[in-house]
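As structure tokens, the structure follows; a few thoughts come after it.
Starting from 1, each residue takes its place in the sequence as its number. Both counts, for ligands and for their atoms, begin at 1 and track the order of listing.
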Amino acid sequence: MDASWYVLLAILLGFAIGAASVHLLGLAAQRGRQVMAIASEPIPDGITAMVHVLESAGVVLDGSNQVIVSSPGAQALDLVEGRTLRAHEIADAVRRVWSTGEAEVLDMTHRRGRLGGGHDVQLRVRVAPLGNRFMLVLAADRTEELRLAGVRRDFVANISHELKTPIGALTVLAEAIEAGAEEPERVRSFAQRMQVEADRLGRMTKELIDLSRIQADDPLDHADRFPIAQVVDIAVDRNRVLADAKRIRIMPRVLEDADVLGSEELVTMAVQNLISNAVQYSPEATHVGVGVRVVDGVVEVAITDKGVGIPAEEQERVFERFYRIDPARSRVTGGTGLGLSIVKHVAASHGGEVSLWSRPGQGSTFTLRLPAAAGPAHKEIA
Ligand code: ADP
């Protein structure tokens, strides 16, 4: 082969390599454009709007697990940091759903907020593919729902325990009466004790019904307007017999009358419970004060006794359902441990509060504070 052939061959080879390179470059460019198109794929119509109106928190991720939309709820729950998911449990679930194509549900604890260490919330998270390019993460905050379920469980456990005692006592007493049928004296004494236990059961049932009614209903939804002086009169009156039996003088002192909005029956029940406790936990021949005043639009009813008092470490707990400082003594007085928890719920459902000052051996003052209704009190209108 002479030299001119070599030159021609080299030129042809050069062309071939050049053409192949141009073709390959073209292909690469086309691929690149496709990748770009996927990466910046427009979010299908309606998804952004849908995520923003979701009641639960919603996040949409693209194929490379980058967050492309997150709802205000998701931001409030701190699910997203920059363009990634904060919780590794959710990120792991997203990866699994990409590979299986099957939606997943997971219950998890998530730390919300970073300031001051944040606090834990209980989430139910659903991860599901959205078409074949996106992933949808929905998270519902179940913290309150689970807390309420816990409260209900405790409540039922408490009630069962509390009802068992008087019911057990009634059974034992009935058996004793049967065994001692020939001895009228013993039968009479057992029957009297049966009456005490039956009374206690009756009172407990009534108070439980009252309590569940207060918790179920919002008295401000169908509020009446009533003067606090009238509430105090009725509540004092209802405690008269109990107080007389212990020669205790109840001394009401209404400095200023004002109206309250809500349920007169419930507020009366609350004041009545406070006065009845003051009488129960005071020695004979003492005084119980019931003072009413209005301070900056707040009606204050303060019930003061010179009774046994409440140690500082018990002062929070006495408002809990069924809590009694001295259960043995309480059995004698017929206490149910529900009175103060009713007062606390009545106060809260009327937008008010109840507070306690007490010193063992000196006495206690319970103060019920309720917002005064605007405008002049009933009496002045009449
Ligand atoms: P109870 O039916 O036992 O009186 P409450 O819920 O009304 O239930 O009160 C809870 C506990 O708080 C009582 O058992 C008692 O130990 C204590 N307590 C309530 N009021 C007074 C008071 N005025 N003085 C002293 N102790 C009180």
ask   = Among Val254, Asp257, Asp233, which residue meets the side-chain contact (heavy atoms from CB on, under 4.5 Å) test with Pro227?
value = Asp257

Under 4.0 Å to a heavy atom of Tyr323 - the qualifying atoms of ligand 1, by number = 10 (C), 11 (C)

query = Contact between Gly337 and ligand 1, counting heavy atoms under 4.0 Å?
reply = yes

ask   = Relative to the heavy atoms of Leu338, which atoms of ligand 1 are at a distance of less than 4.0 Å?
value = 6 (O), 8 (O)

Which residues share a salt bridge (Lys or Arg N to Asp or Glu O under 4.0 Å) with Glu353, sequence neighbours left out = Arg369

inquiry  = Could you tell me, atom by atom, which parts of ligand 1 come under 4.0 Å of a heavy atom of Val308?
reply    = 25 (C)

message = For Val137, run the side-chain contact (heavy atoms from CB on, under 4.5 Å) check against Leu61, Val97, Val80 and tell me which one passes.
response = Leu61

query = When you measure from the side chain of His110 to the backbone N and O of Asp141, does any donor-acceptor pair fall under 3.5 Å?
reply = no

request  = List in chain and number order the residues that pass side chain to side chain donor-acceptor pair (under 3.5 Å) with Thr205, two or more places apart in sequence or in another chain; answer none if no residue qualifies.
outcome  = none

key: Atom indices of ligand 1 within 4.0 angstrom of Ser364 heavy atoms, with elements   = 24 (N)

Element-labelled atoms of ligand 1 that are located less than 4.0 Å from some non-hydrogen atom of Arg324 = 3 (O), 14 (O)

request  = Report yes if Tyr281 has an N/O atom closer than 3.5 Å to an N/O atom of ligand 1; otherwise report no.
outcome  = yes

request  = Any chance you could lay out the salt bridge (charged side-chain N to carboxylate O under 4.0 Å, His left out) test for Glu144 and Arg147, step after step, and finish with the verdict?
outcome  = CA-CA 5 Å; Glu144 186 58 12; Arg147 190 189 67 79; 2.9 Å; yes

message = So, 4.0 Å and heavy atoms of Phe319: is ligand 1 close enough to count as a contact?
response = no

message = Using only atom types and a distance under 3.5 Å, with no angle test, would you say the side chain of Asp62 pairs donor to acceptor with the backbone of Asn65?
response = yes

Close N or O approach (Thr336, ligand 1; < 3.5 Å) = yes

request  = Please work out which of Ile310, Val288, Leu340, Asp305 has its closest non-hydrogen atom nearest to atom 6 (O) of ligand 1.
outcome  = Leu340

